[in-house]
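Below you'll find the structure, written out as structure tokens, and then a few comments.
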Amino acid sequence: MEGSSSASAPEGGPRSAVEKLSEAVGQRTKALSSALQESHRQRRLLMVIVCVALLLDNMLYMVIVPIIPDYIAAMGSHSQVAQSQGGGGNNGSSNASKPLLLRPRYPAENEDIKIGVLFASKAILQLLVNPLSGTFIDRVGYAIPLLIGLAVMFLSTLTFAFAENYGTLFAARSLQGLGSAFADTSGIALIADKYPEESERNRALGIALAFISFGSLVAPPFGGILYQFAGKRMPFLVLATISLLDGLLLLLTIKPFSDRARENMPVGTPIHRLMVDPYIAVVAGALTTCNIPLAFLEPTIANWMKKTMDANEWEMGLTWLPAFFPHVLGVYVTVKLADKYPHLQWFYGALGLAIIGASSCMVPACRNFGQLMVPLCGICFGIALVDTALLPTLAFLVDVRYVSVYGSVYAIADISYSVAYALGPIVAGEIVHSFGFVQLNLGMGLANVLYAPVLLALRNICRMKPSHSERNILLDEEPKGLYDTIKMEERRSKGRKAQPAGGMEGNSLDSCQRDFRGVSEEDSSDYDYT
């Protein structure tokens with residue numbers, strides 16, 4: 001008995017050390033999870049996760065802009081070599097030694113159409129899925145669709161990395177559209193939900209738009225340099241790794257599959273009702289029109305630069321990089337102006353459309369890639385004005401006219417982008433092939449200038465009185481009866497004391513600004529309950 005007890009003692013020592021180590025790790029994990037569950041930190045982490053997801057999506061979209069002409073031409077030459085070798089006497093042995101190459105199904109004589117179809121495949125699938133993804137987000141919340149989108153983007157990026165033919169590239173591009181329909185829509189809607197105050201929401205959405213522009217504009221030089229010096233797989237492997245890490249961070253920050261994800265969340269307005277709203281339709285049209293120049297130029301400008309400027313891959317990519325700075329400047333200026341003059345959001349959007357139109361007309365006059373940077377900077381500055389002014393306007397329209405659930409309304413915004421990026425590449429390639437690059441840019445500029453006055457329809461939306469939505473009823477459920485009566489009397493007495501005689505215009509402007517910036521907790525009982 002003594003020998004057995006003494007023999008078991010050494011075994012107990014290491015076992016207790018392992019238990020202590022596991023207990024310490026468990027405590028650290030609990031402390032980390034509890035820290036992540038704090039509302040302030042969780043909101044910041046979710047903001048980082050959404051911004052990284054938007055960055056990845058736009059980098060994956062734009063990373064192939066400077067390399068795709070050379071990439072498709074190389075695959076075309078490989079397919080021609082395979083066909084010539086397959087026509088010889090030893091047909092079976094040559095096919096066995098070569099990798100399987102799909103026969104191209106695009107017109108071999110028009111490279112613009114090939115590239116246009118490849119670019120549009122992502123937006124076409126995104127356009128088809130967005131009505132379903134918006135409804136899905138409204139029903140299950142924002143975290144699960146964001147996680148689904150990141151997982152699909154990870155698979156799409158890996159498919160890009162190991163693609164060996166046009167068919168695989170087309171499948172990877174379409175798969176990316178599926179991931180974007182969930183990740184982009186749920187990410188923007190999550191930001192709008194976490195930042196209900198209008199000034200904070202403008203700032204948060206402006207940061208998200210800065211990440212979108214950074215991903216779109218840094219991706220061409222990123223892809224061109226890595227493609228030239230490290231091979232075609234390296235850009236996609238880097239993006240796949242970041243996508244995987246972002247999904248893991250989302251799982252640590254929030255528990256998307258818990259039952260509490262849908263707790264106290266009202267039922268959103270159906271997407272078909274939002275689509276027929278005239279104000280939302282005007283905003284959606286502006287988002288589509290302002291993105292048409294960028295969507296039309298992306299698949300065609302590389303070939304135009306190669307023909308007119310004899311530009312190489314790094315010059316094609318470097319042309320887009322400086323446009324990031326005016327885009328960020330446009331976001332910053334619009335956020336600052338919206339804080340001081342929130343009733344002029346429609347004017348910022350109209351000004352952005354006019355700048356985009358003028359810049360688009362300047363593109364064909366450029367003779368080197370240094371000159372080309374100027375109109376591209378103007379286009380991105382105008383897009384920043386339009387997006388930063390009108391994306392928060394969509395959330396405001398939902399708050400004052402419907403229920404404050406944002407999945408469907410930002411699915412409409414994503415549909416607006418997808419219309420431009422689906423029709424743009426195909427139509428742009430056909431216009432360049434039939435009419436020319438100059439006519440393409442003049443038409444895009446004219447469309448933006450003509451749509452700018454349409455935003456006058458939004459000039460009075462700041463006077464709309466916010467509806468007491470189902471979500472606000474849940475938040476304000478505790479104060480009842482006498483409390484509400486006292487608060488309403490206090491607000492009325494303050495209003496009578498503060499209102500000067502004959503100051504109707506000033507008061508209407510103040511109420512306009514207060515309504516557009518959102519309702520604070522102190523004003524929550526100042527609305528009709530009838």
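Throughout, residue positions are numbered sequentially from 1 according to the sequence presented.
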Mark yes or no for whether [X], through its side chain, and [Y], through its backbone, hold a donor-acceptor pair below 3.5 Å.
X: Y451; Y: A354; answer: no
X: N441; Y: F437; answer: yes
X: R459; Y: L456; answer: yes
X: T300; Y: A428; answer: no
X: N58; Y: L54; answer: yes

For the residue pair [X] and [Y], what are the closest heavy atoms and their distance?
X: F369; Y: M305; answer: CB-CE, 3.8 Å
X: A143; Y: L250; answer: O-CD2, 3.9 Å
X: P326; Y: C377; answer: CG-CB, 3.5 Å
X: L455; Y: A350; answer: CD1-N, 3.2 Å
X: V129; Y: A181; answer: CG1-CB, 3.8 Å
X: A208; Y: I188; answer: CB-CD1, 4.4 Å

From CA spacing to verdict: side chain to side chain contact (heavy atoms under 4.5 Å, CB included), L397, V409: CA-CA 9 Å; L397 288 171; V409 74; over 6 Å; no
Return the [atom1] to [atom2] distance between [X] and [Y], rounded to the nearest 0.5 Å.
X: K336; Y: Y341; atom1: NZ; atom2: OH; result: 13.5 Å
X: L237; Y: L158; atom1: CG; atom2: CG; result: 7.0 Å
X: M373; Y: C380; atom1: CE; atom2: SG; result: 12.5 Å
X: M47; Y: T253; atom1: CE; atom2: OG1; result: 14.0 Å
X: L391; Y: L205; atom1: CG; atom2: CG; result: 6.0 Å
X: I379; Y: L297; atom1: CD1; atom2: CG; result: 5.5 Å

With a 4.5 Å heavy-atom cut-off, do [X] and [Y] have their side chains touching?
X: L458; Y: L390; value: yes
X: L60; Y: L56; value: no
X: W304; Y: I301; value: yes
X: F136; Y: P145; value: yes
X: L249; Y: L245; value: no
X: F182; Y: L146; value: no
X: V398; Y: L394; value: no
X: S360; Y: P375; value: no

Candidate pair V454 and L353, rule side chain to side chain contact (heavy atoms under 4.5 Å, CB included), full reasoning: CA-CA 11 Å; V454 180; L353 289 172; over 6 Å; no
Atom CZ of F324 with >12 non-hydrogen neighbours under 6.0 angstrom: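 It does: F324 CZ has more than 12 such atoms within range.
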Neighbour count >12 (heavy atoms, 6.0 Å) for atom CZ, F381: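 Yes, CZ of F381 has more than 12 neighbouring heavy atoms, counting only those of other groups under 6.0 Å.
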Check ion pair R201-E198 (N to O, under 4.0 angstrom):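 Counted as a salt bridge, because a side-chain N and a carboxylate O are separated by less than 4.0 Å.
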Sidechain N-carboxylate O distance under 4.0 Å for K122, D57: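 So K122 pairs with D57 through a salt bridge.
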Between S408 and D138, a side-chain donor and acceptor under 3.5 Å: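 Yes, because at least one side-chain N or O of S408 sits under 3.5 Å from a partner of the opposite role on D138.
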Side-chain donor-acceptor pair present, Y410, D184, cut-off under 3.5 Å: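 Per modelled atom types, Y410 and D184 side chains form no pair under 3.5 Å.
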Sequence-distant partners of D414, side chain to side chain donor-acceptor pair (under 3.5 Å), two or more places apart: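 Here the qualifying residues are Q126, N130, T185.
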V419: side chain to side chain contact (heavy atoms under 4.5 Å, CB included) partners, not counting sequence neighbours: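 With sequence neighbours excluded, V419 shows a side chain to side chain contact (heavy atoms under 4.5 Å, CB included) to L127, T288, I415, L423, given in chain and number order.
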Residue pair V405, Y142: steps toward the side chain to side chain contact (heavy atoms under 4.5 Å, CB included) verdict: CA-CA 10 Å; V405 180; Y142 308 112; 4.0 Å; yes
Intermediate values then yes/no, side chain to side chain contact (heavy atoms under 4.5 Å, CB included), I191 and L46: CA-CA 8 Å; I191 291 176; L46 288 175; over 6 Å; no
Aromatic Y195 / basic R43 pairing, under 6.0 angstrom, 45° off normal: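 Yes, R43 sits over the ring of Y195.
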Pair listing, side-chain hydrogen bond (donor to acceptor under 3.5 Å, both in side chains) test, anchored in residues 366-391, at least two apart: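 Checked against side-chain hydrogen bond (donor to acceptor under 3.5 Å, both in side chains) - neighbours excluded - the pairs reaching residues 366-391 are D387-Y417.
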